[in-house]
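These figures come from a predicted structure and were not determined experimentally.
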Amino acid sequence: ESESEIRGLRWRDASQDPLVFRASQHFQRTSDIHGIREALENVTGQALGPLSKEGFHLSFSYSGPCLIIASVRVFFRRCPGFTQDQARFRSVAAGSGLVQGSCVANSTEVAPPHRECLEDGHWGPLQGHCVCSPGYQPAGSSCEACRIGQYKPAN
């Protein structure tokens, strides 16, 4: 997270300790291809936690014998967009908190639909709800016009 500036680069607050990773093993001059392959398969994961700023910096600093960084993969979790019970929710970053939904076409808001997007990328329980408008009936998560000769009363 960007907090302060160091040598023209924005850097995080000095009160936050940097993440420290250690190589699982060192290469030897006599390492064979199998030893190198095992070392390259070393995987380290680190949760950064919730971010409160717009973005973050990822940098590497190492002093010592040769080190190979074969790859770096950075990803984040999302709560996927979906429609359920005549309420539609857009896709948002995990940990976004309470997210306001909207009612699908031909439905009416009874109580504002909202759900919490949790840090693990899953949605919490639905709060509030929408119902199909008079003259429409539920069809899965949407509302369709009632068939000829049938109707849905106002209540």
*Might you point out which heavy atoms bring C117 and A94 nearest each other, and give the distance in Å?*
SG-CA, 3.6 Å

*asked:* So, taking the atom named SG in C130 and the one named CG in D85, what distance separates them when rounded to the nearest 0.5 Å?
replied: 9.5 Å

*Which pair of non-hydrogen atoms, one from P80 and one from G121, has the smallest distance, and what is that distance?*
CD-O, 3.8 Å

*Whether over 12 other heavy atoms sit under 6.0 Å from R78 CZ*: yes

*Output the distance between atom CZ (R90) and atom SG (C79), rounded to the nearest 0.5 Å.*
11.0 Å

*Look at the aromatic rings of F89 and F82 and report parallel, tilted or perpendicular, splitting at 30° and 60°.*
parallel

*Would you say P138 and E144 make side-chain contact, with heavy atoms under 4.5 Å?*
no

*Hey, what do you get for SG (C146) to CD (Q137), rounding to the nearest 0.5 Å?*
4.5 Å

*asked:* Minimum heavy-atom separation for C143 and A105, please, with both atom names.
replied: CB-O, 3.9 Å

*Output, in order, the C-alpha distance, side-chain angles, deciding distance and verdict of side chain to side chain contact (heavy atoms under 4.5 Å, CB included) for L126 and R115.*
CA-CA 5 Å; L126 175 64; R115 288 184 112 140; 3.9 Å; yes

*Under the 3.5 angstrom rule, does the side chain of T83 hit a backbone N or O of S141 as a donor-acceptor pair?*
no

*Between Q86 and Y136, is any pair of side-chain heavy atoms under 4.5 Å apart?*
no

*Examine distances only and state if a side-chain atom of D120 and a backbone atom of H122 form a donor-acceptor pair shorter than 3.5 Å.*
yes

*Considering all heavy atoms of both residues, which atom of S142 and which atom of V104 are nearest to each other, and what is their separation?*
CA-CG2, 4.1 Å

